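Small disclaimer: the values here were computed from a predicted structure and weren't measured. Quick note: numbers below take in every heavy atom, side chains included, and nothing from hydrogens, waters or symmetry partners.
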Amino acid sequence: MLKYTFYGHACFLLDDGEYKILVDPFLSGNPQATISPKDVETNYILISHAHDDHLGDAPEIATRVDAEVVAIPEVLTLCTSRVEKAIKADPMNLGGTLNLPFGVVRMVPALHSSGVEGGIACGFVIKIFGKTIYYAGDTALFSDMKLIGERDSIDYAILPIGDNYTMGIEDAAKAVKLLNAKNVIPLHYNTWGAISQNPEDFRKLVTGTEVYVVKPGQTIDLA
Ligand code: NI
Ligand code: MN
């Protein structure tokens, strides 16, 4: 069983029963957060870019639980600078594939600013437990999402829908089509007023793909 737990905003955990993968662990100061950075457990941390609402508590969590951090080199340098203890780092960049004990992580483009000098924002394709998960990170709609969907058959697309800082519901619905995703999970909305959004309005725009609206603190099985 592959479990998806949503911790609020854009932070989630994948758990295949053996390995835990924490993504964009913004918990301190996250009004939606349902777990303290002191309590979260993980083996790997994936960071899409260096904005505070994504990099978040990654350095402190990584050193506390001895997790490996997967990110671009510029983001890893920033993480390292924030803590005394060494961080186990897996530097990679756009287009790269990393084989890990639980499966595969590919770093794919995102259309967004990076939050760190010389950096670039990214998304991830994660292959775990026989499933292919695409997490877009913060991004606008871009036509090369079609290539991501052609390269891998996407079981679950995890997409921002909040608008303002990322694509909103119309463009996210278009992204679902380009990706040819079987299922979609929206996030990055309703954390603050600027990204308020009704996920049921998003659901109405999506046809032929199952939409899972997951509440902060909720866990679902990715079947
Ligand atoms: Ni951002
Ligand atoms: Mn963001």
Side-chain angles (χ1 to χ4, degrees), residues 3-15 19-91 105 107 110 112-124 126 133 135-139 158-166 185-197 199 213-220:
K3 289 182 185 300
Y4 169 94
T5 300
F6 184 43
Y7 289 138
H9 191 54
C11 178
F12 62 92
L13 184 82
L14 297 172
D15 185 348
Y19 293 100
K20 292 180 171 67
I21 298 97
L22 182 67
V23 182
D24 282 352
F26 164 56
L27 299 170
S28 300
N30 174 356
Q32 290 188 333
T34 59
I35 193 166
S36 160
K38 293 184 176 64
D39 297 327
V40 71
E41 292 296 330
T42 193
N43 307 106
Y44 294 89
I45 299 172
L46 274 51
I47 308 171
S48 66
H49 63 297
H51 287 151
D52 283 343
D53 61 319
H54 296 263
L55 188 153
D57 302 288
E60 294 75 19
I61 297 168
T63 49
R64 179 177 59 78
V65 303
D66 207 25
E68 281 183 41
V69 181
V70 180
I72 62 165
E74 290 83 355
V75 169
L76 289 169
T77 300
L78 186 58
C79 286
T80 303
S81 74
R82 290 189 182 174
V83 281
E84 296 289 320
K85 217 177 136 198
I87 286 178
K88 282 195 217 163
D90 283 320
V105 173
M107 187 175 270
H112 188 75
S113 61
S114 69
V116 61
E117 201 177 329
I120 193 164
C122 73
F124 293 102
I126 307 160
I133 319 290
Y135 169 54
D138 279 4
T139 188
I158 302 172
L159 305 180
I161 64 160
D163 217 325
N164 195 80
Y165 300 110
T166 67
I185 303 173
L187 45 54
H188 209 278
Y189 64 93
N190 288 353
T191 318
W192 304 283
I195 56 171
S196 64
Q197 204 64 256
V213 175
V214 184
K215 293 189 174 67
Q218 194 184 350
T219 298
I220 64 167

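Residue pairs that meet the side chain to side chain donor-acceptor pair (under 3.5 Å) test with at least one member in residues 39-48, sequence neighbours left out, are Asp24-Ser48.
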Would you give me the side-chain donor-acceptor pairs under 3.5 Å for residues 72-88, sequence neighbours excluded?
from	atom 1	to	atom 2	distance (Å)
Thr77	OG1	Pro73	O	3.0
Thr80	OG1	Leu76	O	2.8
Ser81	OG	Leu78	O	2.6
Lys85	NZ	Thr63	O	2.9
Lys88	NZ	Asp66	O	3.4
Lys88	NZ	Asp66	OD2	3.4

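Side-chain contact check for Thr191 versus Asn30: some heavy-atom pair is nearer than 4.5 Å. Between Ile61 and Leu27, some side-chain heavy-atom pair lies under the 4.5 Å cut-off. Two residues are said to be in side-chain contact when any heavy atoms from C-beta on lie closer than 4.5 Å; Leu187 and Ile158 meet this criterion. At least one side-chain heavy atom of Leu46 sits under 4.5 Å from a side-chain heavy atom of Ile126. Residues Pro186 and Leu159 fail the side-chain proximity criterion, which asks for heavy atoms closer than 4.5 Å. Contact check for Tyr4 versus Thr219: no side-chain heavy atoms found under the 4.5 Å cut-off. Between Gln32 and Phe6 there is a side-chain heavy-atom pair separated by less than 4.5 Å.
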Derivation and outcome, side-chain contact (heavy atoms from CB on, under 4.5 Å), residues Asp53 and Trp192 = CA-CA 11 Å; Asp53 61 319; Trp192 304 283; 3.9 Å; yes

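Taking the six-membered ring for Trp and thresholds of 30 and 60 degrees, His49 and His112 have ring planes more than 60 degrees apart, a perpendicular arrangement. Aromatic ring orientation, Phe124 versus Tyr135: parallel (interplanar angle below 30°, classes split at 30° and 60°).
Of all the heavy atoms in Pro216 and Thr34, the pair that sits closest is C-CG2, 3.4 Å.
A donor-acceptor pair is defined here as one N or O able to donate and one able to accept, closer than 3.5 Å; no such pair exists between the side chain of Ser113 and the backbone of Gly115.
For the residue pair His54 / Asp138, a side-chain donor-acceptor distance below 3.5 Å is found, with atom types taken as modelled.
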